[in-house]
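One structure is given here, and the rest of the page talks about it.
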Amino acid sequence: MKNHFYHWVLGLLLVATTGCYDQDATVDLPTYNKRTAITCYLSPKDPNITVELGHTLPYFGKQTIEIPRIGDAAVTITDVTDGKSIRIPFDSSIMLYRIRAFALPIVNGHTYRLEVVLKDGTSYLATSTVPPAVKEDDLKFGAYRIGKLTTNSWGGQEVNVGLELKSATTLNGYYYAPKFEVVLEDGLGDFYGTELYFSNEGIAEGKTGDTLRYIFNDRIFMNGFGGGGTATDPLILREASGAFWVMDEAYKERYLRDLQISDNPFAEPVLLYSNWSNGAVGALGSYDWVEATLVP
């Protein structure tokens with residue numbers, strides 16, 4: 001019996017020893033295929049039409065902040081709606097293709113085609129239809145409630161706030177997002193504000209013939225946002241101010257991907273959206289916004 005126990009213990013030790021043994025291994029890195037990268041975002045409010053053109057860099061290996069630019073391509077933008085085209089020159093001072101937008105105005109509802117032809121004859125195409133303009137009264141308050149001031153476990157003040165923002169009629173195929181700060185007024189006439197956060201960064205797809213509803217239901221911490229001293233009841237909703245955005249799918253994807261990797265050294269590689277032909281990466285997108293102040 002003792003011999004059996006001895007061999008059993010010896011076997012466990014051998015397994016434990018070999019399990020901790022480190023062994024070098026050689027792993028082949030994935031094959032890197034250089035691809036053309038093109039980025040352009042159009043807006044009626046942008047005074048320039050700007051195109052960034054370059055090549056991708058390998059994910060593995062030595063990294064550099066320098067992006068390999070391409071400065072000898074033919075870049076042409078066409079307003080498909082009215083048939084006008086212009087060539088966009090390369091500006092070596094900023095390493096981008098850029099032209100003032102008055103040469104080809106960017107108009108809400110118009111479709112634009114961007115064509116890039118490299119020196120070797122390889123060409124790439126993408127199109128984008130600029131979203132319809134949004135107006136100041138396209139977003140309003142819906143139902144809202146302001147709770148009673150309470151003191152939290154850190155000795156600070158907070159209040160539960162629930163409110164709804166409602167859009168005017170929206171359109172399928174476009175995405176809408178409010179970026180607003182809400183302002184509360186207390187019983188002494190002091191103001192307290194904070195940013196409103198919505199799910200999915202507030203981006204929601206339009207619904208043709210229907211409205212969108214944005215719901216905020218959370219605590220607002222008064223300390224650090226107010227006009228000085230301690231807030232007092234009753235609190236009332238004074239206003240919300242900010243911008244109401246509208247964007248096409250390409251710009252929406254760019255916005256969400258930037259948030260996904262921004263300031264995060266541990267971010268996983270992301271699959272970038274692309275609407276370019278011939279295997280290029282990047283996007284041609286469009287967007288617009290309106291600044292507004294909402295009152296209940």
Side-chain angles (χ1 to χ4, degrees), residues 38-52 75-89 96-116 124-141 165-180 196 198 200-214 240-259 273-277 282-294:
I38 314 166
T39 302
C40 177
Y41 297 109
L42 306 172
S43 174
K45 293 193 172 60
D46 193 334
N48 300 305
I49 300 172
T50 304
V51 180
E52 182 178 340
V75 179
T76 304
I77 187 168
T78 300
D79 184 336
V80 178
T81 304
D82 69 12
K84 183 179 179 181
S85 295
I86 58 167
R87 181 87 170 261
I88 305 177
L96 299 168
Y97 293 81
R98 175 170 288 178
I99 196 168
R100 298 290 289 178
F102 64 75
L104 184 73
I106 304 303
V107 181
N108 297 100
H110 283 212
T111 298
Y112 294 85
R113 181 178 65 245
L114 190 64
E115 181 178 12
V116 175
Y124 306 93
L125 287 172
T127 61
S128 175
T129 300
V130 180
V134 285
K135 302 181 290 294
E136 188 172 354
D137 59 356
D138 277 348
L139 194 67
K140 298 182 181 298
F141 278 118
L165 299 182
K166 297 174 65 176
S167 74
T169 301
T170 56
L171 295 175
N172 285 110
Y174 296 105
Y175 298 82
Y176 300 80
K179 300 297 178 185
F180 277 76
L196 294 174
F198 302 101
N200 198 40
E201 298 300 323
I203 298 176
E205 185 173 3
K207 302 176 181 179
T208 298
D210 202 353
T211 61
L212 297 172
R213 299 171 65 240
Y214 300 91
S241 59
F244 189 39
W245 291 76
V246 59
M247 60 198 82
D248 70 352
E249 183 179 15
Y251 191 84
K252 181 262 296 186
E253 289 295 323
R254 172 260 186 186
Y255 183 84
L256 291 178
R257 294 301 180 271
D258 279 0
L259 286 175
Y273 173 91
S274 178
N275 57 356
W276 287 98
S277 67
L284 171 64
S286 53
Y287 63 98
D288 199 1
W289 79 91
V290 64
E291 296 180 356
T293 297
L294 313 179

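Bear in mind that the values here come from a model prediction, so they are computed numbers and not experimental data.
Atom OG1 of residue T39 and atom CH2 of residue W276 lie 8.5 Å apart, to the nearest 0.5 angstrom. How far CD of E253 is from CG of D248: 10.0 Å, rounded to the nearest 0.5 Å. Distance OG1/T50 to CZ/R98: 3.5 Å, rounded to 0.5 Å. The CD1 atom of I38 sits 9.5 Å away from the CG atom of N275 when rounded to the nearest 0.5 Å. Taking OG1 of T208 as the reference point, atom CG of N172 lies at 3.5 Å (rounded to 0.5 Å). Rounding to the nearest 0.5 Å places CD of E205 at 8.0 Å from CD of E249.
If you run side-chain hydrogen bond (donor to acceptor under 3.5 Å, both in side chains) between D79 and each of H110, K84, R113, only H110 comes through.
Counting only residues at least two apart or on different chains, the salt bridge (Lys or Arg N to Asp or Glu O under 4.0 Å) pairs with a member in residues 126-141 are K135-D138.
Inter-residue side-chain proximity for I203 and W245 is flagged as unmet; no heavy-atom pair is nearer than 4.5 Å. Annotation: side chain of D288 is not in contact with side chain of Y251 (no heavy-atom distance under 4.5 Å). Considering only heavy atoms from C-beta on, I88 comes within 4.5 Å of L114 through its side chain. Contact annotation: the side chain of Y41 never approaches that of M247 to less than 4.5 Å [non-hydrogen atoms, C-beta and beyond]. At a threshold of 4.5 Å between non-hydrogen side-chain atoms, the residues P132 and N108 do not count as touching. Within the 4.5 Å cutoff, the side chain of S43 has no heavy atoms near those of the I106 side chain. Under the 4.5 Å side-chain criterion, counting only non-hydrogen atoms from C-beta, L42 is in contact with L284. Between N48 and R100 there is a side-chain heavy-atom pair separated by less than 4.5 Å.
Side-chain N or O atoms of S167 include one that pairs as donor or acceptor with a backbone N or O of L212 at under 3.5 Å. In this structure, the side chain of T81 engages the main chain of T111 through a donor-acceptor pair within 3.5 Å. Panel note: side chain K252, backbone G285; no donor-acceptor pair is recorded below 3.5 Å.
Taking all atoms of both residues into account, the shortest heavy-atom contact from V80 to Y112 is CG2-C, 4.3 Å. Minimum interatomic distance between P178 and F198 (heavy atoms only, all atoms of both residues): CG-CE1, 3.9 Å. For the pair Y176 and L171, the tightest heavy-atom approach, listed with the atom from each and the gap, is OH-N, 3.2 Å. Of all heavy-atom pairs spanning I99 and R87, the tightest one is CD1-O, 3.8 Å. Closest heavy-atom contact between A283 and Y273: CB-CD2, 4.1 Å. For S286 against V130, the heavy-atom pair with the smallest separation is OG-CA, 3.4 Å.
Under the 6.0 Å distance and 45° angle rule, K45 counts as a cation-pi partner of W289.
Residues S241 and T293 bring no donor and acceptor atom of their side chains to less than 3.5 Å of each other.
The aromatic rings of F244 and Y214 sit perpendicular, their planes meeting at an angle over 60°, well past the 30° parallel limit.
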Could you check D210 against T170 for side-chain contact (heavy atoms from CB on, under 4.5 Å), going step by step and ending with a plain yes or no?
-> CA-CA 6 Å; D210 202 353; T170 56; 5.5 Å; no
Verdict with reasoning, F180 to L139, per side-chain contact (heavy atoms from CB on, under 4.5 Å) = CA-CA 11 Å; F180 277 76; L139 194 67; 3.6 Å; yes
